[in-house]
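Have a look at the structure below before the remarks.
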Amino acid sequence: SAGVLLIDGGDVLENLREDWVAFGSTTLSWQFSPDLSLKLQLDAHSALYDSATTELGKASAQFIMGGAIRLNKNWVLDLAVSEVMAVDTAPDGLFHIGLKKTVW
């Protein structure tokens, strides 16, 4: 997926905020077995602010690895870990744990 976000209004750092932000995401999923799906994902976006600081003024990219484990007919456990690829533009690492009721 890809797109452009128009940011209009708001009071937080309004004079530094970028009006337009480009974003994109791509995912690769592999059905390893009937009960296990492995996933790789890349998310990125352009800078949100016009700032000399890396944390606010640079584009960001994150790489996510994980999978979904079918626990039974209706329940799936999602596990993932995220690593920032553009240093200092997002948290260094994140862990995702999700439990959902779904049809596999």
Side-chain angles (χ1 to χ4, degrees):
S1 64
V4 178
L5 177 66
L6 169 62
I7 303 174
D8 187 27
D11 297 329
V12 178
L13 300 174
E14 185 174 3
N15 58 334
L16 296 177
R17 187 186 65 238
E18 295 288 354
D19 293 331
W20 297 92
V21 176
F23 63 89
S25 179
T26 186
T27 304
L28 177 65
S29 180
W30 176 41
Q31 189 73 38
F32 180 77
S33 74
D35 295 327
L36 178 63
S37 174
L38 302 176
K39 301 174 186 179
L40 299 175
Q41 182 171 322
L42 178 63
D43 295 335
H45 64 80
S46 62
L48 296 172
Y49 296 94
D50 180 16
S51 173
T53 65
T54 301
E55 295 82 358
L56 296 177
K58 301 292 182 194
S60 184
Q62 299 85 37
F63 178 69
I64 301 103
M65 299 186 291
I69 303 165
R70 183 173 64 172
L71 301 175
N72 62 35
K73 181 179 174 184
N74 295 317
W75 290 95
V76 175
L77 177 66
D78 284 318
L79 301 170
V81 62
S82 170
E83 179 62 30
V84 67
M85 296 179 68
V87 178
D88 292 335
T89 62
D92 288 332
L94 296 171
F95 298 96
H96 168 81
I97 300 172
L99 182 64
K100 62 184 173 183
K101 186 173 182 178
T102 185
V103 177
W104 185 265

Exercise. Do Val81 and Leu94 come within less than 4.5 Å of each other through their side chains, counting heavy atoms only?
Worked result: no
Seminar exercise, completed: Between the CG atom in Asp88 and the NZ atom in Lys58, the distance rounded to the nearest 0.5 Å is 11.5 Å
Exercise. Same cluster for Val87 and Tyr49 if Ile/Leu/Val/Met/Phe/Trp/Tyr side chains link at under 4.5 Å?
Worked result: no
For this session: Start with the C-alpha gap between Ser33 and Gln31, add the side-chain angles, then the distance that decides, and say whether side-chain hydrogen bond (donor to acceptor under 3.5 Å, both in side chains) holds.
Result: CA-CA 6 Å; Ser33 74; Gln31 189 73 38; 5.8 Å; no
Problem set entry | Hydrophobic cluster identity match, Leu38 and Met65, side-chain contacts under 4.5 Å | no
Problem set entry | Identified side-chain contact (heavy atoms from CB on, under 4.5 Å) partner of Gln41 from the options Ser29, Ser82, Ser25 | Ser25
Seminar exercise, completed: Between Gly93 and Glu83 the two heavy atoms that sit nearest each other are CA-OE1, 4.4 Å
Problem set entry | Validation row: Leu42, Met85 side chains within 4.5 angstrom (heavy atoms) | yes
Problem set entry | CG-CD distance between Asp8 and Glu14, expressed to the nearest 0.5 angstrom | 8.5 Å
For this session: Would you indicate whether Ile97, at its atom CD1, is surrounded by more than 12 heavy atoms from other residues, nucleotides or ligands within a distance under 6.0 Å?
Result: no
Seminar exercise, completed: Nearest heavy-atom contact between Ala59 and Ala86 is O-CB, 3.7 Å
Problem set entry | Any side-chain heavy-atom pair of Val84 and Thr89 under 4.5 Å | yes
Problem set entry | Heavy-atom closest contact (Lys39 atom, Ala68 atom, distance) | NZ-CB, 4.0 Å
Problem set entry | Nearest-0.5 Å distance that lies between atom CG in Leu13 and atom CG in Leu56 | 7.0 Å
For this session: Report yes if the side chains of Asp50 and Glu18 come closer than 4.5 Å at any heavy-atom pair, otherwise no.
Result: yes
Problem set entry | Where Val21 and Ala47 come nearest, the two heavy atoms and their spacing | CG2-O, 3.8 Å
Exercise. Tell me, do Asp78 and Lys100 make a side-chain contact under 4.5 Å, heavy atoms counted?
Worked result: yes
Seminar exercise, completed: When rounded to the nearest 0.5 Å, the distance separating OG1 of Thr53 from CG of Leu16 is 9.0 Å
For this session: State, with a plain yes or no, whether a side-chain heavy atom of Ile69 is found less than 4.5 Å away from one of Leu79.
Result: yes
For this session: Look up atom OG in Ser51 and atom CZ in Arg17, then write down how far apart they are to the nearest 0.5 Å.
Result: 14.5 Å
Exercise. Between Leu6 and Trp20, is any pair of side-chain heavy atoms under 4.5 Å apart?
Worked result: yes
Problem set entry | Straight-line distance of Ser1 OG to Phe23 CZ, nearest 0.5 Å | 6.5 Å
Exercise. Does the side chain of Ile64 reach to within under 4.5 Å of the side chain of Asp43, using non-hydrogen atoms?
Worked result: yes
For this session: Walk me through it: do Leu40 and Trp30 pass the test side chain to side chain contact (heavy atoms under 4.5 Å, CB included)?
Result: CA-CA 9 Å; Leu40 299 175; Trp30 176 41; over 6 Å; no
